[in-house]
Amino acid sequence: MLLSALFAHGLLAQEARIYNNFKPGELWLDNNGVHINAHGGGILFENGIYYWFGEHKVAGRQGNKALVGVHCYSSADLYNWKDEGIALSVDTTNENSEITRGCVIERPKVVFNEKTQKYVMWFHLELKGQGYSAARCGVAVSDNVTGPYKYLRSYRPNPKKWPVNATEKDTTIPESGDTALLKLSGNERAAAGYYLRRDYPVGQMSRDMTVFVDDDGKAYLIYASEENYTMHIAELSSDYTSFTGRWYRLFPGGHREAPAIFKRSGRYYLITSGCTGWAPNAARYAVATSLFGPWEDKGNPCVGKDSEITFNSQSTFVLPVQNKKDAFVFMADRWKPENPIDGRYIWLPVKFIDNGIRIQWFDEWNLDFFNK
Ligand code: DGJ
């Protein structure tokens, strides 16, 4: 009984197995027979190998805090994953470090910078003991893909910079004063520029995030800002570790998080979730031919049973599969807030249909899906 309970919580290793398909929502064992521990993750491809980075969660209610760091796994076939260890460790020696043990590190994403030849990891950072109020993004770098990553610093992006699509109204305090806007709903306040102006001096809030490198080598941080009411897309510096000051506000007041972006045939697709904590809700996606808009809202990409709760999961990344045309895997997390280490991975193929995308449930599937 005790053994089976521990087992279910992913604490005990089982015999490792060879996979030849995806089974969304099931335990997914690494080469050591341990359930993969890389939540809110993203994937980098290099020299024939995929590297999966994600939040290392711990058993029990406290397990959503960063008690260990960012975990890395590698795979040549996307089914079988080798444990590459902790790529970015929390700081266990310095209580004053921004990434001290017990802070929050979420949704890590790694990209490679051709110019500096460094791997750059971005993540959502919340400071220890401050709940989710700090709303910062952190950056770390490494000479090796699997790490160790060295923490550089954190940001509230773009202080004293207005977005490229700011209107005069956005940047002007209304005659009645900004405090008059407090009687509005959060969505309305965001749409009226309240949070944008409030945070202009100190930098914009940055929570759920992802990083995207475009074909021209420019990289962008895409993050839930303005108390999660507005998504921002901010251009990164040429070394990918800071901001250029050019940024765009997407759907002010839209109240979205969990961004996952990909590009296909000159069109950008951005999938997001609603904001309901660890509980699932309906995904939506938007399409654009330029990252700085205009974006067209296309509604829920999921179809079929449980599509209104994204098959009981929340988006984290869309993975372009190498050497296959138009092959993209939607990656999402089925959170287990009461025992986060047992969180499950929902990977499903993206289908292009009717000038848009569709994501449907499969109990199991493999990459042959994309040969059809
Ligand atoms: C939803 C976010 O998408 C997660 O990354 C995490 O921040 C939870 N909220 C916390 O409630």
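Start at 1 and go down the list; that is how both ligands and their atoms are numbered.
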Around atom 7 (O) of ligand 1, find the nearest protein heavy atom and jot down its residue, atom name and distance.
-> E106 OE1, 2.6 Å
Atom 5 (O) of ligand 1: nearest protein contact (heavy atom, Å) = R107 NE, 3.0 Å
For ligand 1, does R207 get within less than 4.0 Å through its side chain, its backbone, both, or neither, judged by non-hydrogen atoms?
-> neither
Can we say R153 and E98 salt-bridge, meaning some charged N sits less than 4.0 Å from an Asp/Glu carboxylate O?
-> no
Sidechain N-carboxylate O distance under 4.0 Å for K82, E84 | yes
Side chain to side chain contact (heavy atoms under 4.5 Å, CB included) test vs F212 passes for just one of K263, K218, K109, namely K263
Should the pair R264 and F352 be classed as cation-pi, given the thresholds of under 6.0 Å to the six-membered ring centre and 45° from the axis?
-> yes
Where is the nearest protein heavy atom to atom 9 (N) of ligand 1: which residue, which atom, and how far?
-> G277 O, 3.5 Å
Flag the pair E227 and R198 as a salt bridge only when some basic side-chain nitrogen lies within less than 4.0 angstrom of an acidic carboxylate oxygen.
-> yes
Give the residue and atom name of whichever protein heavy atom lies nearest to atom 3 (O) of ligand 1, and the separation in Å to one decimal.
-> D208 OD2, 2.4 Å
